[in-house]
Structure formats: structure tokens, C-alpha cells
There are 4 protein chains.
Amino acid sequence: MSRQPDPNRRNEQSRQAIVTAAADLCAEVGFAAVTVEAIAARAGVGKQTIYRWWPSKAAVLLEYMERERERAAGFPDTGDLAADLLTQTTALQRLFDSDAGAVWRGLLIAAQSDDVAADGVRALLEQAIVEAKQRLTKAQGTDELRSDADLDMVVEIIFGPLYHAWLLRTRPLPKAYMSDVLKLVFEGLKPRDRPLIR
Amino acid sequence: MSRQPDPNRRNEQSRQAIVTAAADLCAEVGFAAVTVEAIAARAGVGKQTIYRWWPSKAAVLLEYMERERERAAGFPDTGDLAADLLTQTTALQRLFDSDAGAVWRGLLIAAQSDDVAADGVRALLEQAIVEAKQRLTKAQGTDELRSDADLDMVVEIIFGPLYHAWLLRTRPLPKAYMSDVLKLVFEGLKPRDRPLIR
Amino acid sequence: MSRQPDPNRRNEQSRQAIVTAAADLCAEVGFAAVTVEAIAARAGVGKQTIYRWWPSKAAVLLEYMERERERAAGFPDTGDLAADLLTQTTALQRLFDSDAGAVWRGLLIAAQSDDVAADGVRALLEQAIVEAKQRLTKAQGTDELRSDADLDMVVEIIFGPLYHAWLLRTRPLPKAYMSDVLKLVFEGLKPRDRPLIR
Amino acid sequence: MSRQPDPNRRNEQSRQAIVTAAADLCAEVGFAAVTVEAIAARAGVGKQTIYRWWPSKAAVLLEYMERERERAAGFPDTGDLAADLLTQTTALQRLFDSDAGAVWRGLLIAAQSDDVAADGVRALLEQAIVEAKQRLTKAQGTDELRSDADLDMVVEIIFGPLYHAWLLRTRPLPKAYMSDVLKLVFEGLKPRDRPLIR
DNA sequence: GCGTAAGCGAGACGGTACGTCATGTCTTTCA
DNA sequence: TGAAAGACATGACGTACCGTCTCGCTTACGC
């Protein structure tokens with residue numbers, strides 16, 4: 001007969017303080033060092049207030065990420081697919097280097113063992129992927145993208161390289177990284193048939 | 001003046017038992033539930049025997065991964081780049097679905113907060129990337145790959161989609177996944193200029 | 001600038017419910033398990049209503065004890081000291097076995113660490129002792145009690161054995177316990193000089 | 001399948017530190033403020049080390065009391081009952097005023113709600129009562145004590161007044177308190193038949 | 001071939017964080 | 001505006017692992 005609390009009576013100040021404190025901690029000391037105790041202490045809040053509203057620290061960080069996502073516009077659509085993809089992926093690359101990147105990295109970790117985090121992460125990814133696929137569908141209509149390509153796969157080809165380099169930390173990425181990646185995946189890795197005499 | 005122990009007198013049985021127990025646990029209950037205590041208990045070993053030879057649970061799992069890697073041959077080279085890439089990436093996709101995949105996932109998590117794990121993971125990745133780049137370099141010589149492409153980026157384009165789908169668990173992958181990905185990234189996402197009349 | 005509430009507007013029903021609930025809980029689950037939350041829940045009352053009118057759970061139980069005391073007459077005075085003492089101590093022994101006994105035991109515990117409870121308990125004890133001493137003083141006048149005896153000490157000698165057995169729970173007491181105690185302390189523990197031939 | 005720890009491997013220093021810290025805390029801040037956390041902190045010990053060996057804070061204090069009891073000799077027997085009783089009760093009165101008194105008071109409180117404490121307290125009391133009754137039995141043989149008196153009751157009459165005054169804190173006791181009490185209970189509260197002309 | 005020193009299993013140790021509970025205060029809602 | 005409801009900050013609870021340590025036991029090397 002466990003009762004869930006009444007959201008109307010919730011203290012909004014505490015809520016903000018908790019989410020902010022969690023994200024700051026994550027950026028400063030890394031996800032592993034974020035503990036409910038530390039969040040509570042930094043937010044000036046009782047531990048119970050965290051446990052009352054969130055099932056885990058990952059859930060708190062999820063709320064932060066969702067908030068960040070709302071601040072960002074959706075997938076851009078200027079009519080030029082190449083430009084739109086560059087805009088979006090460059091924004092993502094910038095996000096990966098920000099505080100939100102640290103939080104997102106932590107959530108991807110948490111999602112490996114915490115079902116709540118996994119669901120939240122899945123939802124965020126899903127949303128991003130759906131938006132991307134909508135833009136790509138339109139691009140197939142305007143003949144900017146191969147119409148025989150599976151869109152999930154296209155998404156993975158476009159975002160995969162960036163995630164690979166960021167998550168696996170194999171090397172630092174140049175600012176223009178995604179510009180080159182996009183050129184390469186759109187043109188293909190095969191040598192051009194005949195470098196046209198021009 | 002801390003003394004490191006004498007490797008000659010090391011008990012090889014314990015070593016095997018520990019590494020195996022750690023990997024099994026990882027596959028069965030997930031990386032987060034793998035604790036030094038649990039490894040010691042399952043291996044029938046004292047905790048100190050683990051701490052004596054490994055700095056952390058991640059180091060134990062690293063040893064397992066290195067062992068797995070040794071069992072696998074290096075990057076294949078049949079002279080046919082497309083075939084070799086397919087062989088290698090398909091093997092990787094199969095590995096991701098095996099016990100070693102669970103371990104590798106755990107190590108990628110641990111690498112985010114544990115420097116020892118990060119170094120080990122980096123080394124394993126480095127080795128794989130170097131081997132891949134060597135094969136790709138040769139392919140550039142045989143005109144199977146654009147010679148103007150940055151090889152790190154090519155590696156990320158080839159392996160990125162697989163890691164994206166596996167690590168972020170966005171969807172189950174079909175068996176032939178990498179076959180299609182390779183076709184697409186080699187031909188490019190752009191619509192073919194004129195489907196040549198042939 | 002803390003405002004104390006207006007007693008005129010007090011809800012008498014809540015008051016009764018709280019005091020009764022507290023005493024019942026004390027008898028049923030013991031003093032340690034009596035919590036303000038439990039009292040409030042059982043009385044169908046908000047916690048604040050308790051904190052508004054009483055400083056602690058002990059204060060609620062004190063009100064119960066004071067009420068019980070009012071229901072009992074004062075120290076009896078029939079002219080026969082022995083009979084009056086027996087009446088009074090037997091009533092006390094009966095009270096110790098009742099719900100009020102559980103409450104009284106709890107208050108004696110609380111008095112060890114709670115100043116409010118200590119003061120209340122002291123007042124109740126004081127009142128009982130003063131009444132007893134008044135009766136004893138009269139008895140000294142009628143030569144029923146040694147006139148050289150310190151009355152505080154006499155009170156302790158009469159009530160001490162009962163409290164000893166009840167509080168320390170060393171053994172169950174027979175119904176006629178106080179009858180024998182009184183006989184013994186009045187006659188003295190020394191063997192009678194010469195059992196008079198009579 | 002819970003394992004109880006091996007007493008042979010127990011750290012005697014920690015044990016002493018814990019028992020001493022608990023008793024000191026009890027004397028300084030009172031039983032209610034003694035917490036396992038505070039004991040652990042003051043003893044410089046992990047909480048688990050306390051929980052490993054004792055079921056509750058009361059059990060720690062019990063060990064202290066048992067230790068104190070061992071330091072005290074048993075019931076004295078000089079052949080003079082009055083003198084022996086005075087010796088013993090005076091020692092008890094002194095103990096009530098010492099640190100051990102604070103601990104004993106705490107244990108009597110704990111015994112009201114904690115079965116472990118209750119059993120321990122009962123055992124300590126039992127031992128004291130048995131010793132007292134043995135001495136009293138002998139005294140009945142030497143005609144120093146009424147042979148028709150129930151010895152449990154005699155114990156309660158002798159120790160009851162002291163416990164009454166100490167536990168209920170009704171008044172401060174003079175040094176010679178027990179001397180007067182003993183005189184009174186042995187001679188009886190009744191006025192002497194004929195104040196002998198002498 | 002025997003003493004000694006190391007590795008071993010076991011597990012107690014001082015700690016940190018966990019998630020739960022009750023406290024006493026404060027705020028919101030309703031009669 | 002008093003009372004119900006209940007969210008809040010606080011802090012102790014008892015548990016799980018952490019990484020260090022100290023025990024006896026056994027193993028294997030070197031005199």
C-alpha cells in the first residue's frame with residue numbers, strides 16, 4: 001500500500017536545486033562520484049526528498065537531460081540536407097564537450113545496469129532518431145539521399161562515427177570533424193570511378 | 001616501500017579461476033553486480049589474492065579480454081578488402097553477443113571512471129585500430145579505398161555504426177547488418193548520378 | 001515570536017482521541033513503539049495538531065496519567081493506618097497491571113531523558129508523596145507510626161518494594177504482596193525478642 | 001546461511017575501545033543520546049564492527065556492566081549481617097552515583113523495550129539477588145533475621161527504598177541513607193512497645 | 001631434507017554510501 | 001483560522017562492499 005507523493009505540493013526550489021546539483025557534480029567529479037548523499041548535501045536537501053521523487057541518481061540526471069533537450073530546437077530543416085546534418089551533428093559534438101556531455105555519458109553508463117535509466121535513455125535516443133529519420137525521409141523525396149537506404153542504418157552511419165570517437169575516447173576530434181565525415185559517407189569510401197578530366 | 005609479489009610463486013589455478021569467475025559473473029549478472037567479493041567467493045579465493053595481482057575488478061576483466069583477443073587471429077588479409085572487412089566486423093558483431101561482449105561492455109563502462117581500465121581499453125582499441133588501419137593502407141595502394149580518406153575516420157565510419165547500435169541498444173541487429181553497412185558506406189549515401197544503362 | 005494557539009478554539013474531540021490513542025498504543029505495543037506519527041494515524045489527526053498542543057509524546061501520556069489520577073480519590077483516611085496503607089498500595093499494585101501501568105512505566109522511562117516528562121513525573125510523584133506523608137504525619141500523632149522516622153524514608157520503605165518488583169520485573173507478585181510487606185516493615189526484620197508466652 | 005564471526009580473530013583493542021566509548025558516552029550525554037554511530041565514531045571503529053559482535057547498543061553497555069560487576073567482590077560476609085548489608089548497599093549507592101550508575105540506568109530503560117537488554121539485566125539482577133538471599137539465609141540461621149520472612153521480599157524491602165529514590169529521582173540522598181533505612185526496616189515502623197526505662 | 005619465506009584461504013578491520021524511518025517544522029488545502 | 005494532510009531537512013538506522021590488515025596453512029626454494 002505504498003503511497004506516491006502528491007506532485008502538486010512539491011517544492012519546486014528543491015527540485016531545481018537537486019537537478020542542478022546532480023548535473024554540476026557529474027561535470028565536476030564524474031558520474032561514478034555522484035552519490036545521492038553528495039547531491040543532497042550540495043543541494044541543501046534531505047536524502048529522502050530525492051528518494052521521494054526519483055528512484056535513483058540516474059533518474060535525476062535524466063530529468064536534467066530532458067530539460068536540456070527541450071532547450072534545443074528539433075532537427076533543422078532548411079531544405080539543404082547536407083547543411084542541416086552538419087548543423088545538427090556539430091551541435092551534438094559541442095554538447096558532448098559540455099556539462100551535458102558528462103551527464104549524457106553518465107546516463108549511457110547507468111543505462112547498462114539500471115532499467116529506469118535504460119528506458120529514459122532509450123526514449124531520448126528514440127526521439128532524436130525519429131526526428132532525424134523524418135528529415136532523412138524528406139531528403140529521399142528530394143533526391144538528396146539514396147532512396148534504397150535503410151534509415152536506421154543511415155542514422156547509425158552518420159552518428160556512429162561521432163559516438164565512436166567520443167565514447168571510446170580514441171582521439172580528440174577536430175572542430176570540422178563532422179564536416180569531413182559527412183562528405184565521406186555521402187560520397188562513399190570507394191575511389192571515384194574515373195577522376196574526370198576537367 | 002611496498003613490495004610487489006613474486007610472480008614465479010603465483011598460483012596459476014587461482015589466476016584462471018579468478019579470471020573465469022569474473023567473466024562468468026559479468027555475463028550472468030552484469031558488470032555492476034560484479035564485485036571483488038563475489039569474484040573471490042565464486043572462484044573460491046581470498047579477496048587479497050585478487051588485490052595482490054590486480055588493482056581492480058576491471059583489471060581482471062581486462063585480462064580476460066586480452067586472452068580472448070589472443071585467441072582471435074589478427075585482421076584478415078585475403079586481398080579482397082570488402083571481404084576482409086565483412087569477416088572482421090561480423091566477428092566483432094558475434095563477439096558483442098557473446099559473454100565476451102558483456103565483459104567488453106563492462107570495461108567500456110569502467111573506463112569512464114577508472115584510469116587503469118581506461119588504459120587497458122585504450123590499448124585494446126588501439127591495437128584493433130592499428131591493425132585495421134594497416135589493412136586499409138594496403139587497400140589504398142590497391143585502389144580499393146579512396147586514397148584521400150583519413151584512416152582514423154574511415155575506421156570510425158566502418159565500426160561506428162555497429163558500436164552505435166550495440167552500445168546504445170537502439171535496436172536488434174540482423175545477421176547481415178555489416179554487409180549492408182559496408183555496401184552503403186563504400187558506395188556513399190548520395191543517390192547514384194545516373195543509374196548507368198548497362 | 002512564536003504564537004501559541006488559542007485554547008478556546010481547540011477541538012476537544014481531537015484532544016480526547018489523541019490522548020486515548022496514545023495510551024492505547026502504549027498499552028498495546030509498548031512505550032518505545034509509540035510515535036507521534038502512530039498516535040496521529042490512530043487518532044485520525046494531523047501530526048501538527050499534536051505538536052501544536054503538546055511538546056512531545058510524553059506530554060500526551062502525562063495528560064493521560066493526570067486524568068487517571070483525578071479519577072482516583074486521594075489518600076484514604078479511615079483512622080486505621082494499616083488499613084489505609086493497604087488500600088492505597090493495593091490500588092497502586094492494581095494500577096501497575098493496567099493500561100495506566102504501561103503508560104506510567106513509559107513516563108518513568110521518558111523522564112530519564114526528557115525534561116518535560118521529568119517535570120511532569122516529578123509533579124505526579126510529588127503529589128502522591130505529599131498525600132502519603134500527610135497521612136503518615138497524622139499516624140505519628142495517633143502513635144501508629146514511629147515518631148522519630150523520617151517520612152520520606154518511610155514512604156520509600158513502603159512503596160520501594162513494590163516499585164522494585166514492578167520496575168525491575170524480577171518476579172510476579174502475589175495479590176497479597178503488599179499485605180505481607182506492610183506487616184514485615186511495620187514489625188521489623190529483626191527476630192522478635194522473646195515470642196511472648198501468651 | 002548467515003555466518004557468525006570467529007571470536008578468536010577478534011580485535012581486543014577495538015572491543016575495549018567500543019565498550020569504554022559506550023560507557024563514557026552514556027555518562028556524558030545520557031543513554032538516549034548514545035547511538036551506534038556515536039560509539040563507533042568515538043571508539044574510532046567501523047559501525048559494522050559493533051554490529052558484528054553486539055546486537056544493539058544495550059548489549060555493549062551490558063558488557064560494560066558485567067565487567068564492572070566482576071570487579072566488585074561478591075556479597076560480603078563478616079558474620080555481622082547489619083554490617084554486611086550496610087557495606088553492600090552503600091557500595092550500591094556509590095555505584096549509582098558513578099558512570100556505571102548512568103549505564104545501569106540506561107540498561108534498565110532499554111530493558112523495557114529490548115528483549116536482549118531485558119535478559120541481561122535480569123541476569124545481573126538475579127545474580128545480585130541470589131547472593132543477597134544466600135547471605136540472608138545464613139543470617140536466619142544465626143538468628144539475625146526473622147526466619148519467617150520471605151527472602152525475595154526482604155531483598156525488596158532492603159533495596160527497594162534505594163532504587164525508589166534513585167530511579168524516581170525524588171530527592172538527593174544523604175551519605176548515611178542506607179544506615180538509617182536498615183535501622184528502620186530492622187526495627188520496624190511500629191512505635192516501640194514500651195520505650196524501656198534505662 | 002629442512003627451515004624459512006612467500007602465496008594462499010579466510011575473514012575482521014575502518015570506512016563510505018546505500019535506501020528506510022521517525023523526527024519536528026513548514027506549507028497547502030479545506031471547512 | 002484551526003485542523004487534516006503531507007512535504008520538507010535532518011540524522012540514525014542496519015546492510016553491502018570497499019580496500020587493508022592479520023591470521024594459520026601450504027607450498028617451494030636454498031642452504
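The chains referred to below are lettered A, B, ... by the order of the sequence lines, with proteins before strands, and numbering in each begins at 1.
Between the CG atom of B:D114 and the P atom of F:dC18 there is a distance of 13 Å, rounded to whole Å. One interatomic measurement links the two molecules: CH2 of D:W54 to C1' of F:dC13, which rounds to 18 Å at whole-angstrom precision. Atom CZ in A:R52 sits roughly 17 Å away from atom P in E:dC18 (whole-Å rounding). Atom pair B:I18:CD1 and E:dG9:P shows a separation of 7 Å (rounding to whole Å applied). Distance CD (A:Q16) to P (F:dC8): 13 Å, rounded to an integer number of Å. With rounding to whole Å, B:D6 atom CG is found 10 Å from E:dC8 atom P.
Annotation for A:F31 and A:K57: closest pair O-NZ, 3.1 Å, computed over non-hydrogen atoms. Residues A:I18 and A:T49 share a closest heavy-atom pair of CD1-CG2, 4.1 Å. Nearest heavy-atom pair, B:L108 versus A:L168, reported as atom, atom and distance to 0.1 Å: CD2-CD2, 3.7 Å.
Taken to the nearest 0.5 Å, the OG atom of C:S56 stands 10.5 Å off from the CG atom of C:D115. D:K47 NZ to D:T35 OG1: the interatomic distance, rounded to the nearest 0.5 Å, is 9.0 Å.
Residues D:E63 and D:W54 meet the side-chain proximity criterion, which asks for heavy atoms closer than 4.5 Å.
An OP1 or OP2 oxygen of F:dG2 is reached within less than 4.0 angstrom by no side-chain nitrogen or oxygen of C:S14.
Nearest-nucleotide assignment on DNA chain F puts the 5′-proximal partner with A:N11, out of A:E37 and A:N11. Between C:V34 and A:K57, the one whose closest nucleotide on DNA chain E sits nearer the 5' end is A:K57. Closest-nucleotide positions on DNA chain E for D:W53 and B:P7 were compared, and the one nearer the 5' end corresponds to B:P7.
At least one donor-acceptor pair closer than 3.5 Å links the side chain of A:Q112 to the backbone N or O of B:L167. Judged purely by atom type and a 3.5 angstrom limit, A:R122 uses its side chain to pair as donor or acceptor with the backbone of B:R169.
Using a cut-off of 4.0 Å between Lys/Arg side-chain N and Asp/Glu carboxylate O, A:R71 and A:E68 are scored as salt-bridged.
Distances from the side chain of B:V36 to the nucleotides E:dA17, F:dG19, F:dA12 place F:dG19 closest.
Taking every heavy atom of residues 38-51 of chain C and every atom of DNA chain E, pairs under 4.0 Å involve C:K47, C:Q48, C:Y51, by number.
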Classify every nucleotide of nucleotides 23-31 of chain F by which part a protein heavy atom approaches to under 4.0 Å, writing B for the base, S for the sugar-phosphate alone and - for neither, in 5'-to-3' order. B---BB---
